[in-house]
S.K.: 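Supplied in structure tokens, the structure appears directly below.
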Amino acid sequence: ILTHASKEEHKNRFYIEDQEFAEPFSGFRIAFNPKGNGSCQFAPLSHQLAKHGIYYGTASLREKIVHYLRENRVSQSHPERGDMALFIANAIDQSCNLTYDNYLQTMSLPGTYGDEVTLRAAAELFNVNIEISSTAGYRQNIKIQPSSASINIYLGHYDEESGIHYVSLEPEIDFELTSSLDPIST
């Protein structure tokens, strides 16, 4: 969880205009670039979900995800992973000394950066696959897949070197459309 000073630095230094984001996500184009105000993970999630008929504003989406985490301490799609509180304890900076309840309280505040935990919760809550393409390279790309999800949503992530920022992506080619087309006979 980032400090107020680091959030201000992010907002002032790393909100980059769309044209500067042209190359990093091969095969995708940026569909929506939110302000760098600490809610930049929730805004692209909201944008992507709306394309599939799931409508939540940024604030209400954050609230819904935090509520889901509060009610579902054990991952629904991966119960073998166990208690989410333990996952969070391992995922967050231990120097923060946050308990699970403190984490949820902090995450409920506007401007608190979303993380892998909130992405996993969103994937489970809305039963969607979330594909994250990172500027850190293809080895840092992540696909979060609940067991029965059939909807794909795409996010771009600018790593720490690029400003810690999320954007909504669209495939340059509609993969779902092209995979359902019959081959052309010649």
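None of the values given here were measured: they were computed from a predicted structure.
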S.K.: Does the pair Lys143/Glu131 count as a salt bridge with the N-to-O cut at 4.0 Å?
M.R.: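 Salt bridge: yes.
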S.K.: Just checking, is any N or O donor in the side chain of Asp115 or Tyr103 under 3.5 Å from an acceptor N or O on the other one?
M.R.: yes
S.K.: Just by distance, no angles: are the side chains of Gln41 and Thr118 close enough, under 3.5 Å, to form a donor-acceptor pair?
M.R.: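 Yes, a side-chain donor-acceptor pair sits under 3.5 Å.
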S.K.: Count I, L, V, M, F, W, Y as connected when their side-chain heavy atoms are under 4.5 Å apart, and connections chain through other members. Are Ile65 and Leu109 then in the same cluster?
M.R.: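 Unlinked, Ile65 and Leu109 end up in two clusters.
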S.K.: How many angstroms lie between atom OG of Ser150 and atom CD of Gln145, to the nearest 0.5 angstrom?
M.R.: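 Reported value, rounded in 0.5 Å steps: 12.0 Å.
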S.K.: With side-chain contact (heavy atoms from CB on, under 4.5 Å) as the test, would you mind laying out the steps for Asn127 and Ser148 before giving the verdict?
M.R.: CA-CA 7 Å; Asn127 197 33; Ser148 63; 3.5 Å; yes
S.K.: Given 3.5 Å as the limit, does a donor-acceptor pair link the side chain of Gln48 with the main chain of Leu169, or not?
M.R.: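 Here the side-chain-to-backbone pair exists.
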S.K.: Within the 4.5 Å heavy-atom criterion, are Leu45 and Leu61 side-chain neighbours or not?
M.R.: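 Answer yes - side chains close enough.
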S.K.: Does a salt bridge link Arg120 with Glu124, judged by any charged N lying under 4.0 Å from a carboxylate O?
M.R.: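 Salt bridge between Arg120 and Glu124, a charged N being under 4.0 Å from a carboxylate O: no.
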S.K.: Are any of the side-chain heavy atoms of Thr106 and Leu104 separated by less than 4.5 Å?
M.R.: no
S.K.: Quick one: do the Arg62 and Ser39 side chains pair a donor with an acceptor below 3.5 Å?
M.R.: yes
S.K.: Taking atom types as modelled, find out whether Asn141 and His157 have a side-chain donor-acceptor pair closer than 3.5 angstrom.
M.R.: no
S.K.: Are any of the side-chain heavy atoms of Tyr154 and Pro171 separated by less than 4.5 Å?
M.R.: yes
S.K.: Got a donor-acceptor contact below 3.5 angstrom from the Ser60 side chain to the Tyr56 backbone?
M.R.: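 The answer is no, because no donor-acceptor pair under 3.5 Å joins these two groups.
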S.K.: Any heavy-atom pair between the side chains of Ile132 and Ile144 that's under 4.5 Å?
M.R.: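 They are in side-chain contact.
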S.K.: Ring-plane angle category for Tyr158 and Phe25, please: parallel below 30°, perpendicular beyond 60°, tilted otherwise.
M.R.: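 Plane angle over 60°, so perpendicular.
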S.K.: Where do Phe126 and Lys64 land on the side-chain contact (heavy atoms from CB on, under 4.5 Å) test, with the steps shown first?
M.R.: CA-CA 10 Å; Phe126 298 108; Lys64 185 101 172 147; 4.3 Å; yes
S.K.: Within a strict 4.5 Å, meaning less than it, do heavy atoms of the Ile130 and Leu155 side chains meet?
M.R.: yes
S.K.: How about Tyr113 and Ile164: do any of their side-chain heavy atoms sit closer than 4.5 Å?
M.R.: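 Contact flag for Tyr113/Ile164 side chains = yes.
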S.K.: One pair to check against side-chain contact (heavy atoms from CB on, under 4.5 Å): Val117 and Leu69. What are the steps and the verdict?
M.R.: CA-CA 9 Å; Val117 175; Leu69 285 167; 3.9 Å; yes
S.K.: For the residue pair Pro146 and Ala123, what are the closest heavy atoms and their distance?
M.R.: CG-O, 3.1 Å
S.K.: Can you give me the closest heavy-atom contact between Met107 and Gly114, atom names plus distance?
M.R.: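 Smallest heavy-atom distance, with atoms named: SD-CA, 4.1 Å.
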S.K.: Determine whether a donor-acceptor pair (N or O, by modelled atom type, separation under 3.5 Å) exists between the side chain of Thr135 and the backbone of Asp159.
M.R.: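 Checking the backbone N and O of Asp159 against the side chain of Thr135, a donor-acceptor pair under 3.5 Å is found.
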S.K.: To the nearest 0.5 Å, how far apart are CD1 in Ile142 and CD in Glu116?
M.R.: 5.0 Å
S.K.: Of all the heavy-atom pairs spanning Pro44 and Tyr166, show the shortest one and how long it is.
M.R.: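 Shortest heavy-atom separation between Pro44 and Tyr166 comes out as CG-O, 3.7 Å.
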S.K.: Write down the atom of Arg29, the atom of Glu172, and the distance for their closest heavy-atom approach.
M.R.: N-CG, 4.1 Å
